[in-house]
Colleague: 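Quick one: structure below, then a few questions.
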There are 2 protein chains.
Amino acid sequence: MATIKDVSKLAGVSVATVSRVLNRSGYVHTDTEQKVLHAIKALNYTPNFVARSLSNKKTSTIGLLVPDITNPFFPELARAVEDVMQLYGYTVILCNSDESASKEKHYIDVLKQKYIDGMIVASNALSVEDVREFDMPVVVVDRLIEGDTIPTVMSDNRKGAQMATEFLLGQGCRKIAHIRGPEHLLNAEERCQGYLDVVQDIDWFDRSLIVSGKYEMKRAMEATLELLRTHPDVDGIFAGNDMMAIGAMRAVQVLGRTIPYEIEIVGYDGIALSEIVFPELTTIAQPIYDMGALAARMLIKQIEKQPLDSLHYCLDVQMVERGTTRKG
Amino acid sequence: MATIKDVSKLAGVSVATVSRVLNRSGYVHTDTEQKVLHAIKALNYTPNFVARSLSNKKTSTIGLLVPDITNPFFPELARAVEDVMQLYGYTVILCNSDESASKEKHYIDVLKQKYIDGMIVASNALSVEDVREFDMPVVVVDRLIEGDTIPTVMSDNRKGAQMATEFLLGQGCRKIAHIRGPEHLLNAEERCQGYLDVVQDIDWFDRSLIVSGKYEMKRAMEATLELLRTHPDVDGIFAGNDMMAIGAMRAVQVLGRTIPYEIEIVGYDGIALSEIVFPELTTIAQPIYDMGALAARMLIKQIEKQPLDSLHYCLDVQMVERGTTRKG
DNA sequence: CTGTTAGCGCCTTCAT
DNA sequence: ATGAAGGCGCTAACAG
């Protein structure tokens with residue numbers, strides 16, 4: 001691998017000059033610039049990023065921390081992040097935390113040592129203080145750190161949940177249940193709240209209509225089986241995410257009831273999977289790709305010391321009507 | 001951030017000594033080691049990887065090149081790679097190539113400049129020469145570069161395809177079609193060949209029983225619709241991957257035929273999705289996680305100059321009987 | 001066992 | 001407009 005020194009020698013100039021043409025910094029005569037450019041081409045020279053990083057204190061690398069890339073929500077997010085980062089000349093390191101605080105901390109340490117320029121966190125075993133201790137640009141996705149100064153992008157969970165629930169009501173459902181996500185996740189809490197906003201004052205409502213599915217398909221399936229045993233008259237289900245909605249579909253199918261005629265189901269997220277099951281899942285779609293792309297842009301702005309237009313972004317969600325609910 | 005110099009000062013020793021205790025290289029008296037350790041703790045010192053990389057020529061970072069992390073096959077692979085890399089102190093940079101040669105080349109260039117230690121390639125817009133030009137440790141996954149010296153891990157596509165086809169035959173199918181993947185992908189070619197191995201000498205066989213689905217669900221659905229129009233008597237379908245198998249399921253469902261009673265379907269890959277559709281998909285499962293983990297281990301061996309037990313690994317696949325084929 | 005010193009490759013004043 | 005030289009933080013001879 002040729003170094004800047006080789007280039008300078010071949011071009012008959014000093015390394016400083018080569019550096020100048022490389023970075024378009026400072027003045028350099030057109031002729032000498034040409035000489036340098038030729039030398040560069042002749043040697044097939046490309047600058048060594050590591051060396052550059054050392055003197056720059058900028059690695060053009062960011063970290064992306066997700067719970068598990070295997071969870072269908074995150075590939076879309078990761079793809080978005082990677083796309084825009086790539087566009088701006090950054091490179092992204094992928095980290096799976098499994099929502100374990102110790103794993104997360106370990107990653108943070110490693111990434112800090114590697115002097116990454118910033119990170120996008122879509123996993124939250126960590127507390128606000130932990131995140132603040134990062135002491136580098138950060139954007140948190142889909143996990144609000146309430147009322148804080150840490151930049152955030154998320155979607156309007158509560159409103160989305162209200163939309164879903166109201167939609168089921170509008171479809172004529174007489175008893176709507178909710179399969180909720182993990183208690184410790186704010187977004188699960190908000191979605192549950194949105195459901196409550198709509199149904200809690202209706203006469204048929206009862207807290208036992210809310211069951212827990214841990215954002216997992218299997219759990220949701222079991223929870224639904226149990227739910228339909230205690231409440232055989234449930235005719236609408238709003239699941240806190242698509243995976244659980246699919247679990248619910250399974251349970252209903254196992255019981256031999258037909259979707260959407262006997263029971264209607266609405267999910268949340270709008271992951272690609274929702275179009276792959278049959279019937280296709282009606283869902284509240286978050287703009288997953290947009291969220292990732294926005295987070296990436298926000299992070300870059302911070303890294304490049306540009307002002308952020310807003311600290312917190314809450315993107316709109318969209319109702320996508322498909323096969324698990326009846327048409328008009 | 002404290003530097004090694006700060007530590008050396010505080011401990012009253014030279015930087016060399018600090019470096020020695022840091023890397024457990026060379027001798028150092030227990031007492032001075034203690035002093036150093038204390039200084040390290042006192043200053044909360046952690047070494048700067050960038051600086052280390054510069055003098056080491058080792059970044060402990062590898063690249064993972066996939067076509068698209070959004071394609072359900074790759075998250076599982078990525079997860080495996082990340083898991084073992086993490087175990088050995090490496091960090092992984094994720095790259096989506098969209099199977100575009102120019103994108104791939106661009107990535108390679110960037111990663112080279114970043115002096116990554118090696119890379120795992122699960123995408124192949126590139127030719128053998130291109131890959132050899134990487135001039136760094138590489139492992140190619142699921143894409144054989146035929147008869148070459150580049151380390152490879154894949155699964156036994158041909159045998160797997162034979163298993164699938166024979167299984168359908170054994171189930172009593174009278175006319176078995178194949179939905180194949182892209183012509184330019186070797187694994188698609190091999191799977192098609194495996195199908196042919198089993199059926200080409202049977203009287204009902206006809207080349208028009210092979211249709212192309214591009215490894216995509218939608219295309220496969222359309223292809224299946226068309227297939228069942230020309231060959232209404234097809235009662236078994238072997239799809240080159242699970243996504244296409246799901247597309248085929250859709251087509252069959254749309255036509256109002258029942259799975260598995262009127263038509264049986266077998267997929268290939270064993271992605272998580274295959275358990276999520278209903279009926280659950282019978283498939284030839286590749287050990288995706290194992291393949292990723294093995295590739296990662298092979299890469300590390302190369303990086304650390306250890307000998308590879310074998311240049312090419314071909315892992316066994318497994319028939320997983322589920323709902324899209326009849327039992328007993 | 002420990003310290004001195006010369007790199008690793010690049011950037012950036014400071015002179016000229 | 002260009003060059004010389006110090007520094008980024010760490011490692012690895014080479015002395016002692």
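When reading the values below, keep in mind they use all heavy atoms of this one structure, side chains included, and skip hydrogens, waters and symmetry mates. We name chains A, B, ... by the order of the sequence lines, and we start the count at 1 in each one.
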Colleague: Below 3.5 Å, can you tabulate the donor-acceptor pairs from side chains in residues 12-23 of chain B to any protein atom, sequence neighbours excluded?
Modeller:
| unit_1 | atom_1 | unit_2 | atom_2 | d |
| --- | --- | --- | --- | --- |
| B/Ser14 | OG | B/Ala16 | N | 3.3 |
| B/Ser14 | OG | B/Thr17 | N | 3.4 |
| B/Ser14 | OG | B/Thr17 | OG1 | 3.3 |
| B/Ser19 | OG | B/Asn23 | ND2 | 3.3 |
| B/Asn23 | ND2 | B/Ser19 | O | 2.9 |

Colleague: Quick one: bend of the helix from C/dC1-D/dG16 to C/dT16-D/dA1 from 5 pairs per end, to 10°?
Modeller: 40°
Colleague: Give the table of side-chain donor-acceptor pairs shorter than 3.5 Å for residues 290-306 of chain B, with sequence neighbours excluded, one pair per line with atom names and distance.
Modeller:
| unit_1 | atom_1 | unit_2 | atom_2 | d |
| --- | --- | --- | --- | --- |
| B/Gln302 | NE2 | B/Val138 | O | 3.0 |
| B/Glu304 | OE2 | B/Tyr90 | OH | 3.2 |

Colleague: State which residues pass side chain to side chain contact (heavy atoms under 4.5 Å, CB included) with A/Asp109; sequence neighbours excluded, sorted by chain then number.
Modeller: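 Not a single residue meets the side chain to side chain contact (heavy atoms under 4.5 Å, CB included) criterion with A/Asp109.
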Colleague: Please, which pairs that meet side chain to side chain donor-acceptor pair (under 3.5 Å) have at least one residue in residues 36-50 of chain A, sequence neighbours excluded?
Modeller: none
Colleague: Which pairs would a plain distance check flag for residues 4-11 of chain B, meaning a side-chain donor or acceptor within less than 3.5 Å of a matching protein atom at least two apart in sequence or in another chain?
Modeller:
| unit_1 | atom_1 | unit_2 | atom_2 | d |
| --- | --- | --- | --- | --- |
| B/Asp6 | OD2 | B/Thr3 | N | 2.9 |
| B/Ser8 | OG | B/Lys5 | O | 2.7 |

Colleague: Any idea which heavy atoms bring B/Lys103 and B/Asn96 closest together, and the distance?
Modeller: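 The pair with the smallest heavy-atom distance is CD-O, 4.1 Å.
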Colleague: Measure across B/Glu133 and B/Lys112 and return the closest heavy-atom pair with its distance rounded to 0.1 Å.
Modeller: O-NZ, 3.1 Å
Colleague: Can you name the atoms? Protein N/O to nucleotides 6-8 of chain C N/O, anything below 3.5 Å, with the distance.
Modeller:
| unit_1 | atom_1 | unit_2 | atom_2 | d |
| --- | --- | --- | --- | --- |
| C/dC8 | O3' | B/Lys57 | NZ | 3.2 |
| C/dC8 | O2 | B/Ser55 | N | 3.4 |

Colleague: So which of residues 20-36 of chain B are in contact with DNA chain C, with a heavy-atom cut-off of under 4.0 Å?
Modeller: B/Arg20, B/Tyr27, B/Val28, B/His29, B/Thr32
Colleague: So do B/Leu77 and B/Val141 actually touch side chain to side chain, heavy atoms under 4.5 Å?
Modeller: yes
Colleague: Can you list everything that forms a side chain to side chain contact (heavy atoms under 4.5 Å, CB included) with B/Ser123? Sequence neighbours excluded, please.
Modeller: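 Result, side chain to side chain contact (heavy atoms under 4.5 Å, CB included) vs B/Ser123: B/Leu65, B/Pro67, B/Ser97, B/Glu99, B/Glu104.
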Colleague: Measure OH/B/Tyr115 against C1'/C/dC10 and give the value in whole Å, please.
Modeller: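 Roughly 12 Å, once rounded to whole Å.
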Colleague: Could you check if a side-chain atom of B/Phe73 sits within less than 4.5 angstrom of a side-chain atom of B/Val66, using non-hydrogen atoms only?
Modeller: no
Colleague: Tell me, which pairs form a side chain to side chain donor-acceptor pair (under 3.5 Å) where one or both residues lie in residues 64-78 of chain A, sequence neighbours left out?
Modeller: A/Asp68-B/Arg79
Colleague: Just call it for A/Val18: base, sugar-phosphate, or nothing, with non-hydrogen atoms closer than 4.0 Å on any strand.
Modeller: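 The answer is nothing, as A/Val18 stays clear of every strand by at least 4.0 Å.
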Colleague: Name the first nucleotide and the last nucleotide along DNA chain D (5' to 3') that come under 4.0 Å of a heavy atom in chain A.
Modeller: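 Listing 5' to 3', DNA chain D meets chain A from D/dA1 to D/dG9.
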Colleague: Taking atom CZ of A/Arg52 and atom NZ of A/Lys58, what is their separation to the nearest 0.5 Å?
Modeller: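 A/Arg52 CZ to A/Lys58 NZ: 10.5 Å, rounded to 0.5 Å.
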Colleague: So A/Tyr45, base contact, sugar-phosphate only, or nothing? Heavy-atom distance under 4.0 Å.
Modeller: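 Answer is sugar-phosphate: A/Tyr45 comes under 4.0 Å of backbone atoms only.
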Colleague: Apply side-chain hydrogen bond (donor to acceptor under 3.5 Å, both in side chains) to B/Asp269 and list each qualifying residue two or more places apart in sequence or on a separate chain.
Modeller: B/Gln286
